[in-house]
Amino acid sequence: MFSDFIKHYNIIRDILRDCFLYGCFSRDGLESKRNVSSRKVSYEMRRIQQYVEDKYIRTDKDGRFKLLNLTYDYMRHSDNFLVSTYMTKSFTRADLLTYFFILLYIQSQNRPCCLSEIEDGLAEGGHLSFDRISSKTIERKLSEMCKSFGILSCNVVKRTKYYSIAPDILKSLDNKELRELFTAVGLFKNIVFPVVAGYFCEQTLKDYMYFERNINGIDNHYFNYRHVHYHPAIEEQVLWEILKAIHTRHKVKIFYRLPKGSDLLKQDPSNACEQQNSKALIPYKIRYDVRHGRFYLVSFSKNESCVISRLDRIESVEILEETFKREDYDELYGKQMCYSWSSVPLEGKSEPEKVKLEVIIDEETEGYIIEKILNESPNGVLDKIEDGRYHITIEVNDSGELIPWIRGYAGYVKVLESKELADKIFNDWKEMLLAYGVVQ
Amino acid sequence: MELFSEIKNRYFQLMFRIINECAGGKTKNEIMKIIDEGEFEQKVIGKNQESFADLVLNKCEADENFNLLTERNGVYYPSVGNSYCPEGSTRDTAKKEDLLPLPVRFSMIEKAWLKSLLDKEGIRMVLSKETIDKLQEELQEIDTPIRDEYFELTNTIKLPAIPNRETYEENFRILLNAIIQEKAIRYNNIDKKGNKYSDRLALPVSIEYSMRDDRFRVSMYLLDENRPIMANIFTLSDIRIVEEEISIDRETAKRLLFEQKYSEEPIVLEVTDKKAAMERCFMCFSGMERTARSLGNNKYEIRLNYYLFEEENLIRNIISLGPYVKVISPQRIADEVISRVKKAISLYNV
């Protein structure tokens, strides 16, 4: 009904990610980066500007180019502004009218009503023209309002369906308890995935308090968040589909884009924007890398090999009819991912790699470094060699996953094992100094 | 149910609000005000150039209008139902006598989320047992796909267990109440180094949650010393809300924190986009105000604004990103990075 809205969230996922994570591309820059038409890019950019609150959008100039940048400061902004991009799904005139007229009618009757009563009631009042909206459309909408939206309940009496307003689950809560709940939702809305559902919940509760209980002027800005990224919200539509499949034990087929540098892409660069379809996979777990704010799906193929997929690369998920038993994969998951720091499975190796680090500190003033390292390494084993010198042994599927972490302790940590890892890190240090123009 | 659903569309929500607000009757201007506040800044326009307001107020062609509202003597009411109120009555009085035109109910997905919320460890610090029990009973039929067993968080920090969980939870409740009521507190504390502080006077500003270590901390304005501080909730003891007059409110305390602790000069980085360095860099610093521009040749410049208390973390993060991320300014930070890297190399030369 309004062209400003979109049918599929996927349409804006890429542009949101590019604007939010990079923010340094002009329209022309984005066009060449993403290999899509200038018209499409400018259309999507205009949408983002419409959907996201102004205070989070920054436009900078780079010469003659205008740059669009989404940015926030975790101390000042405790609301995830990307959630509003989920409030943009397109609807038809019939969607809007049937939804509201059905609700208005059933609520006004204050009793369960069957389809013919609803139709007759609305027709008599001249509210809906059945030349334009069919009986089937109303029936479908009623079913959707029960099963999918959950705002109606349905009871079958002698093969006739009677629809009523869904029970009020908050009726037994007094106003003080409602305020408590509002605070709890306000706190956890950024913590419990999918956070978009938490924000929706908060808004409904706010509406409930205002309309049903006459509670006004409530504020929920008592919290702020550290290491809580906002950008993973962009992947939550995909996350939700996967969670449903995991929960109902249905296999999935995923449609994804190839990462830069993948072998398939090297063979044929024209694959860059093409979707690849997976075979049927058993979705087992979602891993979330807290440091970078990235979701991964851990799944298993028919031959039990472990398949890891970044959710930001998954275009869509098809839930298949075929089911699986989750407990059949518990052991396999443990074996594959137990020693993974983030997303690399054991796959193909008989055992994890052993990494041994030497940590040199000033025993009197820098003891906290040892504490930090141990807190951050899930299975690290500490050996004190002497005052100020410690060894830490870590088992990990792929020592490459540790490199950024080890680098963060520059000046305190030396890699003893493996030699390859030690060389890699040592070369990184030398390269870094070179980048600063320091020659040793 | 889909997460991306039309009933959560901003204009669906706006329509819902308008209908319920009209229970006691609203004038055109009042409705226009609700629409102005709720719609996009760049207003949506229908296929035949109708505005949302025109459709709601039935100002278009007969078969285009929504007709969800009906006008009587210049006042609009929901077009279905018995909620018509005589002129002069308000929504509040109308509501007491009549049903709200549209009920407010959680959607399926919201119920699923709410049910999962009740399983969270920290929920008991905010909700009473009675509230949890009531909600659990109401939601018992809901089969939620949001379960902890389906998730695993990585790159987290496992801190030692909190020694006295009960005290910690009680402290959390008192601090949250103090924040909600905007009251000052007095407390004792022992810091990391074992220093003891007694009967300190502070205004709690906010509770901070860190997803990396799954801990709550409290941000306060220490009135004894006129400065913002961050404290571990579990090390505080004998916390009590006091009625003492204080010279500062929460908003001012927050502002001071932002002003005093914000760096005057941003850190400027040059990123060479190799091995996904740019993506990693932007992800690491996603919660910081920043701008970026392309320098050409696969190089980018990022300017990061940061809080001074984050400087150490920031330096570690920059170094952890490796050789493709270089500090351009301030020179002080670049020197610190160089010095640490030199020290790192020296460890191999021993």
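Just so we're on the same page: letters track the sequence lines, and every chain starts at 1.
If you check the side chains of Glu152(B) and Tyr296(A), you find no donor sitting under 3.5 Å from an acceptor. Tyr209(B) and Asn190(A) share no side-chain donor-acceptor pair at under 3.5 Å. Side chains of His227(A) and Asp213(B): a donor-acceptor N/O pair is absent below 3.5 angstrom, by distance only. With 3.5 Å as the limit, one finds a donor-acceptor pair spanning the side chains of Ser286(B) and His229(A). Between the side chains of Glu289(B) and Thr71(A), no donor-acceptor pair of N or O atoms lies under 3.5 Å. Of the N and O atoms on the side chains of Tyr210(A) and Glu21(B), at least one donor lies less than 3.5 Å from an acceptor on the other residue. Arg316(B) and Tyr409(A) form a side-chain donor-acceptor contact under 3.5 Å, judged by distance and modelled atom types alone. Looking at Arg291(A) and Asn317(B), their side chains do bring a donor and an acceptor atom within 3.5 Å of each other.
Note: Leu127(B) leads Leu127(B), Ile315(B), Leu159(B) in heavy-atom pairs under 4.5 Å with chain A. By number of non-hydrogen pairs under 4.5 angstrom with chain A, the leading residue of Glu137(B), Arg10(B), Arg212(B) is Arg212(B). Chain B forms the most heavy-atom pairs under 4.5 Å with one residue out of Phe193(A), Tyr99(A), Tyr222(A), and that residue is Tyr222(A).
Checking side-chain atoms of Lys134(B) against main-chain N and O of Leu173(A) turns up no donor-acceptor pair under 3.5 Å. Formation of a donor-acceptor pair under 3.5 Å by the Arg93(A) side chain with backbone atoms of Glu64(B) is found in this model. Looking only at distances, no side-chain donor or acceptor of Lys372(A) sits under 3.5 Å from a matching main-chain atom of Ile157(B). Without hydrogens or angle criteria, Trp240(A) side chain to Met1(B) main chain gives a donor-acceptor distance under 3.5 Å. Proximity of a side-chain donor or acceptor of Gln237(A) to a complementary backbone N or O of Phe4(B) within less than 3.5 Å is detected. Side-chain atoms of Glu376(A) do not come within 3.5 Å of backbone N or O of Asn155(B) as any donor-acceptor pair. Looking only at distances, no side-chain donor or acceptor of Glu110(B) sits under 3.5 Å from a matching main-chain atom of Ala197(A).
Side-chain contact check for Lys244(A) versus Glu2(B): some heavy-atom pair is nearer than 4.5 Å. Leu135(B) places a side-chain heavy atom less than 4.5 Å from the side chain of Leu170(A). Residues Leu96(A) and Glu6(B) fail the side-chain proximity criterion, which asks for heavy atoms closer than 4.5 Å. Side-chain atoms of Gln203(A) and Lys8(B), non-hydrogen and from C-beta on, never get closer than 4.5 Å to each other. The closest side-chain heavy-atom distance from Phe101(A) to Ser79(B) is below 4.5 Å. Within the 4.5 Å cutoff, no side-chain heavy atoms of Arg226(A) are placed close to those of Met211(B). Contact check for Phe149(A) versus Ser5(B): side-chain heavy atoms found under the 4.5 Å cut-off. Within the 4.5 Å cutoff, no side-chain heavy atoms of Asn9(B) are placed close to those of Met87(A).
With ring centers used as reference points, Phe40(B) lies under 6.0 Å from Tyr51(A).
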Would Glu130(B) and Lys176(A) satisfy salt bridge (Lys or Arg N to Asp or Glu O under 4.0 Å), going step by step from the backbone distance to the final call? CA-CA 12 Å; Glu130(B) 292 74 32; Lys176(A) 184 175 165 282; over 6 Å; no
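Salt bridge status for Glu138(B) with Lys171(A): present, with a side-chain N to carboxylate O gap under 4.0 Å. Salt bridge present: Glu212(A) and Arg105(B) bring a charged side-chain N and a carboxylate O closer than 4.0 Å.
Of the candidates Phe5(A), Phe2(A), Phe91(A), Phe91(A) is the only one forming a ring pair (Phe, Tyr, Trp, His ring centres under 6.0 Å) with Phe12(B). Residue Tyr150(B) is tested with Lys285(A), His247(A), Arg326(A) for a side-chain hydrogen bond (donor to acceptor under 3.5 Å, both in side chains); the sole match is His247(A).
The line from CE of Met75(A) to CG of Leu257(B) is 4.0 Å long, rounded to the nearest 0.5 Å. Note that CG of Leu102(B) is 5.5 Å distant from CG of Leu103(A), once rounded to the nearest 0.5 Å. Here the NZ atom belonging to Lys111(B) is positioned 6.5 Å from the CD1 atom belonging to Ile169(A), to the nearest 0.5 angstrom. Atom-to-atom distance recorded for Leu187(A):CG and Leu117(B):CG is 8.5 Å, nearest 0.5 angstrom.
The aromatic rings of Phe188(A) and Phe216(B) stand perpendicular to each other, their planes meeting at an angle above 60°, with 30° marking the opposite boundary.
Looking at every heavy atom in both residues, Arg407(A) comes nearest to Leu321(B) through NH1-C, 3.4 Å. When all heavy atoms of Arg250(B) and Asp219(A) are compared, the pair lying nearest together is NH1-OD2, 4.5 Å. Pro404(A) and Ser320(B) make their closest contact through O-CB, 2.9 Å (heavy atoms, listed as atom of the first residue, atom of the second, distance). Between Ile319(B) and Trp429(A), the shortest heavy-atom distance links the atoms CG2-CZ3, 3.7 Å.
A cation-pi contact links Arg76(A) to Tyr262(B), judged by a cut-off of 6.0 Å to the six-membered ring centre and 45° from its axis.
With a 4.5 angstrom heavy-atom cutoff, Ile360(A) touches chain B only via side-chain atoms.
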